[in-house]
Amino acid sequence: MSQPSVPVRTRFAPSPTGLLHVGGARTALFNWIYARKHAGTFVLRIEDTDHSRNTEEAKKVITDGLHWLGLDWDEGPLKGGSYGPYYQSERTAIYEEYLGRLEKGGHLYEDNGAIRFRSPREKVVLQDEICGRIEFDLTNPGTHPDITLRRPDGSWIFHFVNVVDDIEMKITHVIRGEDHLSNTPKHIELYKALGAEPPRFAHMPLILNRDGSKMSKRDEGAALGTYPEAGYAPEAVRNYLCLLGWSPKDNREMISMSDVIALFELNQVNRRNAAFDLAKCFWLNGQYLMQMDLARYTELAIPFLEKAGITWPTYESLEQVLAIVKPKLKLLKELPEWVAPFFTEELSYDEAAVAKSLKGSDQGATAASRLKALSEAFKALTTWDVASLEAALKETAAKLGAKTGELVHPARVASSGRSVGPGLYEMLEVLGKERTLSRFATGEAKALG
RNA sequence: GACCCUAUCGUCCAGUGGCCUAGGACACUCCCCUUUCACGGGAGUAACACGGGUUCGAAUCCCGUUAGGGUCGCCA
């Protein structure tokens with residue numbers, strides 16, 4: 001790895017549109033990774049030159065999204081820094097000054113009240129960190145018109161303020177989407193006219209839909225804000241995003257951020273557009289959830305349970321339940337229905353499950369008698385744990401000449417109201433003897449009724 | 001239309017001239033495990049866009065075609 005001699009400074013410069021696109025999130029992620037790798041600085045700058053709508057809320061979408069992904073910025077909104085302000089709307093004086101410089105250099109002219117930059121009309125060579133060497137021929141004004149810097153009403157155009165801010169904020173590496181690739185030679189002309197050394201550029205491929213079409217805001221998975229509420233763990237989404245256009249090259253799918261930071265190189269980033277595959281993100285989420293330590297899992301779970309109105313007596317009791325439920329689901333959103341049976345006295349029964357496992361088609365009496373036998377066996381237990389529950393159930397099954405499953409299914413439905421759930425013995429252990437027996441009694445009545 | 005980028009299984013990646021009858025993962029199908037649902041294990045379907053070169057040898061290099069994407073705003 002070649003260590004840059006100047007301290008690395010990268011930036012993420014979104015405009016507050018009201019949502020953070022996954023493509024933008026990945027751009028932020030790669031900028032963050034690169035800065036962390038080189039012990040550099042990651043700057044967040046809000047490009048709000050042209051927005052009148054709900055900006056506070058829209059800015060919050062960005063900062064919330066980055067926070068959620070764990071991408072902490074070193075300078076920017078809510079944080080400050082010595083190159084601020086970090087909102088373009090507050091940097092007018094700086095832009096005026098830079099415009100003055102261009103004016104003095106004779107680079108500007110007025111066009112119907114707007115201010116334009118007179119291109120030097122040369123060939124511009126870009127040595128892109130990802131795309132390699134690209135030569136642009138800007139000699140023809142017909143195909144490459146002069147860019148506008150400022151509108152007649154005094155507001156600023158993206159190309160100009162973007163370049164000025166990158167100069168002012170001493171950005172060394174501009175890592176952004178490939179949609180800016182064709183704009184880059186114009187930006188380079190601006191740097192030169194301002195007597196500034198252009199930064200290194202790295203243009204990342206875009207993220208498209210599965211069918212190759214452009215991913216618009218409304219496509220599933222496009223807005224980062226939908227992930228937290230759907231029950232994705234930020235570490236899983238972050239991991240998935242790393243794998244979109246980059247690879248650790250050893251066939252790993254799950255990779256820690258510290259490993260990504262250690263292995264990441266800009267010139268290893270793919271040049272090909274990537275299609276977004278929510279199914280893989282979903283799978284990765286399941287992997288993360290399964291392997292996550294209980295404390296972290298509980299932390300992520302609590303908001304979902306609170307939102308569903310579920311309450312629990314103690315943190316320990318909650319952890320007990322989450323521990324047996326944790327290996328089962330892939331989306332935190334599903335948690336309430338799995339957890340509810342443990343923290344409610346009024347069980348809601350799944351009718352289909354009751355019909356199938358308790359009433360059966362013509363074996364209602366059988367299910368009831370089995371539950372009764374099981375209740376008696378359990379009542380006699382002096383220790384209430386997975387091992388003794390399993391032993392007692394199997395013993396009872398043998399006595400009745402029934403298959404294990406023929407006791408398990410009624411027991412499951414009677415104790416939880418559902419046909420799916422954690423392992424039966426784990427579930428009963430956590431439920432406790434008293435509640436188990438009373439639910440069995442209710443189950444018996446239901447089977448007969 | 002002009003300019004720019006790209007082109008390996010349906011999808012994400014590996015592959016940087018011989019180790020490739022192309023590897024991993026997701027998804028899908030089947031089997032095993034199993035008290036449900038998951039997990040896990042095993043097997044399978046499935047790709048170098050096409051055409052020319054270069055080379056003893058090409059998925060890998062070059063050219064062309066085709067296809068996809070991007071840019072060409074007084075949007076960012």
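Each chain gets a letter, A, B and so on, in the order its sequence line appears, and its residues count up from 1.
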Protein-nucleotides 29-35 of chain B N/O pairs under 3.5 Å:
unit_1: U35(B); atom_1: O2; unit_2: R412(A); atom_2: NH2; d: 2.5
unit_1: U35(B); atom_1: N3; unit_2: L424(A); atom_2: N; d: 3.4

With the criterion being N/O to N/O and under 3.5 Å, what pairs connect the protein with nucleotides 20-23 of chain B, and how long is each?
none

Opposite nucleotide pairing with [N], Watson-Crick or G-U, both atom distances under 3.5 Å:
N	answer
A47(B)	none
A67(B)	U6(B)
G1(B)	C72(B)
A25(B)	U11(B)

Taking the C1' atom in each of U11(B) and U16(B), what is the distance between them to the nearest angstrom?
23 Å
Rounding to the closest angstrom, what is the interatomic distance between A7(B) and C13(B) at atom C1'?
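Nearest-Å result for A7(B) against C13(B) at atom C1': 15 Å.
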Would you classify [X] as touching base, sugar-phosphate or nothing, given that sugar-phosphate means primed atoms plus P, OP1 and OP2, and contacts are heavy atoms under 4.0 Å?
X	value
A279(A)	sugar-phosphate
N112(A)	base
H159(A)	base
N270(A)	sugar-phosphate

Partners meeting side-chain contact (heavy atoms from CB on, under 4.5 Å) with E122(A) (sequence neighbours left out)
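Partners of E122(A) under the side-chain contact (heavy atoms from CB on, under 4.5 Å) test: P120(A).
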Minimum-distance pair of heavy atoms, taken over all atoms of I207(A) and M215(A)
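Looking at all heavy atoms of both residues, the shortest contact is O-CB, 3.6 Å.
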Using atom names, set out every protein N or O paired with an N or O of nucleotides 64-71 of chain B below 3.5 Å, distance rounded to 0.1 Å.
unit_1: G69(B); atom_1: O2'; unit_2: N273(A); atom_2: OD1; d: 3.1
unit_1: G70(B); atom_1: N2; unit_2: S182(A); atom_2: OG; d: 3.2

How close or far is atom [atom2] of [N] from atom [atom1] of [X], stated in whole angstroms?
X	N	atom1	atom2	value
L244(A)	A14(B)	CG	P	12 Å
N267(A)	U16(B)	CG	C1'	12 Å
I188(A)	C4(B)	CD1	C1'	13 Å
L243(A)	A25(B)	CG	P	13 Å
F201(A)	C5(B)	CZ	C1'	16 Å
K123(A)	C3(B)	NZ	C1'	13 Å
H144(A)	A2(B)	NE2	P	13 Å
R133(A)	C4(B)	CZ	C1'	14 Å

What pairs with [X] under salt bridge (charged side-chain N to carboxylate O under 4.0 Å, His left out), at least two apart in sequence or on another chain?
X	answer
E337(A)	R418(A)
E253(A)	K280(A)
E96(A)	R150(A)

Nucleotides 8-11 of chain B: which of its N/O atoms have a protein N/O under 3.5 Å away?
unit_1: U8(B); atom_1: OP1; unit_2: R272(A); atom_2: NH2; d: 2.7
unit_1: U8(B); atom_1: OP2; unit_2: R272(A); atom_2: NE; d: 2.7
unit_1: U8(B); atom_1: OP2; unit_2: R272(A); atom_2: NH1; d: 2.2
unit_1: U8(B); atom_1: OP2; unit_2: R272(A); atom_2: NH2; d: 2.8
unit_1: G10(B); atom_1: O2'; unit_2: R210(A); atom_2: NH2; d: 3.4
unit_1: U11(B); atom_1: O4'; unit_2: R210(A); atom_2: NE; d: 3.2
unit_1: U11(B); atom_1: O4'; unit_2: R210(A); atom_2: NH2; d: 3.2

If you only use heavy atoms from C-beta on, which nucleotide in A27(B), A76(B), G73(B) is closest to the side chain of R151(A)?
A76(B)
Nucleotide nearest V420(A) when distance is taken to its side chain, options U36(B), C72(B), C12(B):
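Output: U36(B).
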Can you tell me if S119(A) and D146(A) form a side-chain donor-acceptor pair at under 3.5 Å?
no
Which ring pair (Phe, Tyr, Trp, His ring centres under 6.0 Å) pairs, counting each pair once, include a residue from residues 114-150 of chain A, with sequence neighbours left out?
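Listed by first then second residue: H107(A)-F117(A).
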Which residue pairs pass the ring pair (Phe, Tyr, Trp, His ring centres under 6.0 Å) test when at least one of the two sits in residues 258-277 of chain A, sequence neighbours left out?
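Every pair satisfying ring pair (Phe, Tyr, Trp, His ring centres under 6.0 Å) with a residue in residues 258-277 of chain A: F30(A)-F264(A), Y240(A)-F276(A), W246(A)-F264(A).
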Scan nucleotides 38-49 of chain B nucleotide by nucleotide, 5' to 3', and note B when protein non-hydrogen atoms come under 4.0 Å of the base, S if they reach only the sugar-phosphate, - if neither.
BSS---------
If we check side-chain hydrogen bond (donor to acceptor under 3.5 Å, both in side chains) with Y86(A), which of these qualifies: R91(A), E75(A), R11(A)?
E75(A)
For residues 235-246 of chain A, which residue pairs pass the salt bridge (Lys or Arg N to Asp or Glu O under 4.0 Å) check, not counting sequence neighbours?
E235(A)-R296(A)
Validation row, ring centre [X] to ring centre [Y] under 6.0 Å:
X	Y	value
H159(A)	H187(A)	yes
W384(A)	F378(A)	yes
F42(A)	W73(A)	no

Let me know, please, whether W156(A) or R252(A) comes out on the 5' side of the other along RNA chain B by nearest nucleotide.
R252(A)
Identify, between E253(A) and F136(A), the residue whose nearest nucleotide on RNA chain B lies closer to the 5' end.
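Between the two, 5'-proximity favours F136(A).
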Test the K59(A)-Y87(A) pair against the cation-pi criterion, namely NZ or CZ under 6.0 angstrom from the six-membered ring centroid and within 45° of the ring axis.
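So K59(A) does make the cation-pi contact.
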